Each structure stands twice: as structure tokens, then as C-alpha cells.
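Shown next, in C-alpha cells, is the structure this report addresses.
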Number of protein chains: 2
Amino acid sequence: MTDVNDRLLHARVVNDIRARIASGDLAVEKRIPSTAQLVEEYGVSISVVRRAVDTLKNEGLLQGQPGKGVYVIATPEQVAAERRSLESLASEVADLRTDLQALTKRLDSDSHARTVATEVAELRSAVEQLYARLGYAYPTSDAGTPKRRHRNTGT
Amino acid sequence: MTDVNDRLLHARVVNDIRARIASGDLAVEKRIPSTAQLVEEYGVSISVVRRAVDTLKNEGLLQGQPGKGVYVIATPEQVAAERRSLESLASEVADLRTDLQALTKRLDSDSHARTVATEVAELRSAVEQLYARLGYAYPTSDAGTPKRRHRNTGT
DNA sequence: GCCCATTTGTTCGTATGTATA
DNA sequence: TTATACATACGAACAAATGGG
């Protein structure tokens with residue numbers, strides 16, 4: 001399973017730290033050993049450790065806090081799931097679009113409200129799963145205050 | 001628009017090179033100046049140039065080839081579109097869920113097919129935008145074979 | 001409030017290896 | 001073989017933030 005890049009020192013450190021995070025040795029919300037400690041542990045230069053930690057920060061597993069330390073903020077599984085969600089989401093949306101198109105077609109032809117209700121129910125289920133895949137909860141009982149959330153424009 | 005990190009040397013170089021790629025000064029499939037040349041151009045150390053190029057390689061804009069040079073393999077727009085898709089998708093799906101919930105509610109109360117048709121049309125428009133935001137084309141005439149795609153259960 | 005040790009973050013310099021022409 | 005250029009690795013200096021005394 002180990003990458004072919006294991007010959008490279010910084011890649012070896014990256015893989016090892018990633019494995020320690022996955023195994024729970026380095027837990028989320030916890031500190032990892034300091035740079036100096038990692039230098040002693042792995043017997044490499046400070047540059048290699050810096051590059052390894054930098055890579056994992058870039059991957060989204062670690063986050064440094066000057067003066068305090070470097071903390072684990074996610075597991076490799078979470079990051080992998082996050083990355084995977086984009087591709088699988090594309091096919092999910094494709095399914096949703098197909099269903100929606102069929103529903104529109106059926107609605108346009110006649111007025112079978114019962115059939116349409118069933119279709120919509122399935123559609124809602126699809127969106128529900130889509131929503132869950134994004135990591136958000138699906139509030140089923142928010143009919144009390146159906147305030148529409150403003151669109152986050154980002155940056 | 002420029003990041004607050006513009007004080008950092010390597011960030012300055014990153015932003016400048018990214019701008020040069022966006023403006024077409026550094027074209028795709030073409031070589032960027034060598035490391036030594038960039039050192040002279042920006043008046044920084046080789047470490048800064050290395051880190052800047054490394055960042056852009058990590059972003060997917062550049063790709064180094066030992067013995068030859070560093071090549072542009074993508075524009076910032078392409079990368080930005082790819083990155084933006086995930087975050088904006090969350091809010092898009094949120095709106096979609098709200099609309100769908102309202103549609104279900106309306107369907108459950110009575111059988112106003114005309115009103116439902118309007119709601120569905122809006123929903124389809126939302127999905128259309130969602131689809132476009134993912135970078136995929138929206139085939140409007142594939143209703144011939146509405147085969148239902150198997151649901152990916154993930155992990 | 002001040003000093004000091006620890007730690008991360010940025011920058012600089014240098015040496016060696018490897019690939020291409 | 002030689003020259004160019006990227007890739008990796010080692011080492012060191014300084015700034016900034018944090019926490020303890």
C-alpha cells in the first residue's frame with residue numbers, strides 16, 4: 001500500500017505521520033510532536049520534517065499554531081471522503097436531473113397527482129442523501145420557522 | 001482581492017506567477033522561466049522561488065520536468081472552477097432541499113398541478129445551474145433512454 | 001509588566017543527485 | 001562529456017506567538 005515514493009525521506013515521514021493519525025496514535029484535536037522531536041524520532045534534518053508537515057497541512061490533516069504546536073484537525077479517511085464526495089456528487093446530481101426531467105414530463109402530460117407525489121418523495125430522498133453526503137444534517141422538522149438561508153457568496 | 005499574505009515573499013511570487021498565467025503571459029503547455037531566472041526577476045532567494053513553484057504545482061497549475069523546465073498545465077480559472085464547486089455546491093443543495101420540501105408540502109395539501117409544474121420548473125433550473133457549476137454539459141435531449149443510474153453507496 | 005524558553009513560520013545559503021539536451 | 005535545470009536534503013538565522021515564572 002505504501003507509495004513508491006517511499007525512497008524519498010520526506011515522503012516516508014509523511015506516510016508515517018499519516019498512518020499514525022489513521023491508527024489513532026495521533027488523535028484529532030491533539031498536538032503532534034514538535035519539529036525538534038520529529039527530527040530526533042526520524043533521524044532526518046529539520047528541512048525534511050518541515051516539508052512533511054507542510055505537505056500534511058496542505059492536505060488538510062494538520063494545522064499549525066505559532067508558539068503552540070501543530071495539531072491534527074482531520075483523519076485521512078475524512079479527507080478521502082471529502083475528496084471522493086466531489087466525483088460521486090456529480091453522478092448523484094446526474095441521477096437527480098434525470099428523475100426531475102421525467103417528473104416534469106409526467107406532469108406536463110396529465111395531472112396524476114398521486115403518481116407525482118410518489119416521484120417527488122423519491123426525489124426528496126435523493127436530495128436527503130445528497131445533503132448527508134456533504135456532511136450536513138437534514139432537519140426534518142423545521143416547518144416552524146422556515147426562514148430561507150441567505151446564499152453564502154464565499155470570497 | 002489579493003490575499004493578506006502578500007507580505008510574504010513566496011506568496012507574492014505565487015500571486016504574480018498565477019496572474020501571469022491568467023493573463024496569458026505564461027501560456028499553457030509552455031515553459032516558465034528557470035529557477036535562476038525567477039530568482040533574478042523577483043530579487044528573492046532560490047528557496048522562495050522553490051516554495052512558490054512548489055505551491056503552484058500543488059495547486060495543479062504547474063508541472064516540473066527534471067532537466068527540461070517547469071511547464072504550465074492549467075489556468076487559474078480552471079483550477080478555481082474546480083475548487084469553487086465543492087463549497088458552492090453545499091449552499092446550492094441547501095436551496096434545492098428547501099424548494100423540494102416546499103414542493104412536497106404543497107403536493108400533500110391539494111392537487112394543484114399547475115402550481116406544482118411551476119415549482120418543478122424552478123427546481124429543474126436549480127439543478128441545471130448545479131450541473132453547470134460542476135463543469136459538465138447539460139444535455140437537454142437525452143430523454144430517450146432514462147435509465148436509472150445505480151446509487152453509489154460510498155463508504 | 002517583564003523576561004525567557006519553546007515552537008512554529010519565513011527566509012537564506014549550500015551541496016548532491018538526476019534528467020535532459 | 002559537458003552544460004543546464006529541476007529535485008532532494010542539510011543547515012542556520014530571524015521573527016512572531018505562546019506560556020510559565
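All heavy atoms count here, side chains included; hydrogens, waters and symmetry mates do not. None of these values were measured; they are calculated from a predicted model.
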Report task. Take A:V48 and B:Q37, find for each the nucleotide of DNA chain D with the closest heavy atom, and name the residue whose nucleotide sits nearer the 5' end. Result -> B:Q37

Report task. Kindly point out which of C:dT20, D:dT8, C:dG9 is positioned nearest to the side chain of A:P66? Result -> C:dG9

Query - Pair of N/O donor and acceptor under 3.5 Å linking D:dA9 base with A:R51 side chain - result: no

Query raised in the report: Base, sugar-phosphate, or nothing for A:S47, non-hydrogen atoms under 4.0 angstrom?
Result: base

Query raised in the report: So which heavy atom on A:L61 is nearest to which on A:P76, and how close?
Result: CD2-CG, 3.7 Å

Requested in this report: Measure the distance from CG on A:L62 to P on C:dT7 and round it to the nearest whole Å.
Outcome: 17 Å

**Report entry** Atom-pair distance (CG on B:L38; C1' on D:dC6), nearest Å
**Finding:** 12 Å

Query raised in the report: Taking atom C1' of C:dT8 as reference, at what distance in whole Å does atom CG of A:N58 sit?
Result: 17 Å

Query raised in the report: Within the side chain of B:N15, is there an N or O that forms a donor-acceptor pair under 3.5 Å with the backbone of B:A11?
Result: yes

Report task. Describe the nucleic acid contact of A:T35 in one word from base, sugar-phosphate, nothing, applying a heavy-atom distance below 4.0 Å. Result -> sugar-phosphate

**Report entry** Nearest-Å distance for atom pair NZ/P, residues B:K57 and D:dC6
**Finding:** 9 Å

Report task. Measure the distance from CD on B:Q63 to P on D:dA7 and round it to the nearest whole Å. Result -> 10 Å

Query raised in the report: Got more than 12 heavy atoms from elsewhere within 6.0 Å of CD, A:Q78?
Result: yes

Report task. Classify the side chain of B:S45 versus the base of C:dG13 as yes if they form a donor-acceptor pair under 3.5 Å and no if they do not. Result -> no

Report summary line: Between A:H10 and A:G67, the residue closer to the 5' end of DNA chain D by nearest nucleotide is A:H10

Requested in this report: Quickly work out the A:L9 CG to C:dT16 P distance and round it to whole Å.
Outcome: 17 Å

Query raised in the report: Any Lys/Arg nitrogen of A:D54 or A:R51 sitting under 4.0 Å from an Asp/Glu carboxylate oxygen of the other?
Result: no

Query raised in the report: When the distance from CD1 of A:I46 to P of D:dA12 is rounded to whole Å, what number comes out?
Result: 10 Å

Requested in this report: Nearest whole angstrom, please: distance from the P of D:dA15 to the CG of B:L8.
Outcome: 15 Å

Query raised in the report: Is it true that B:E41 and B:R12 have a side-chain N and a carboxylate O under 4.0 angstrom from each other?
Result: no

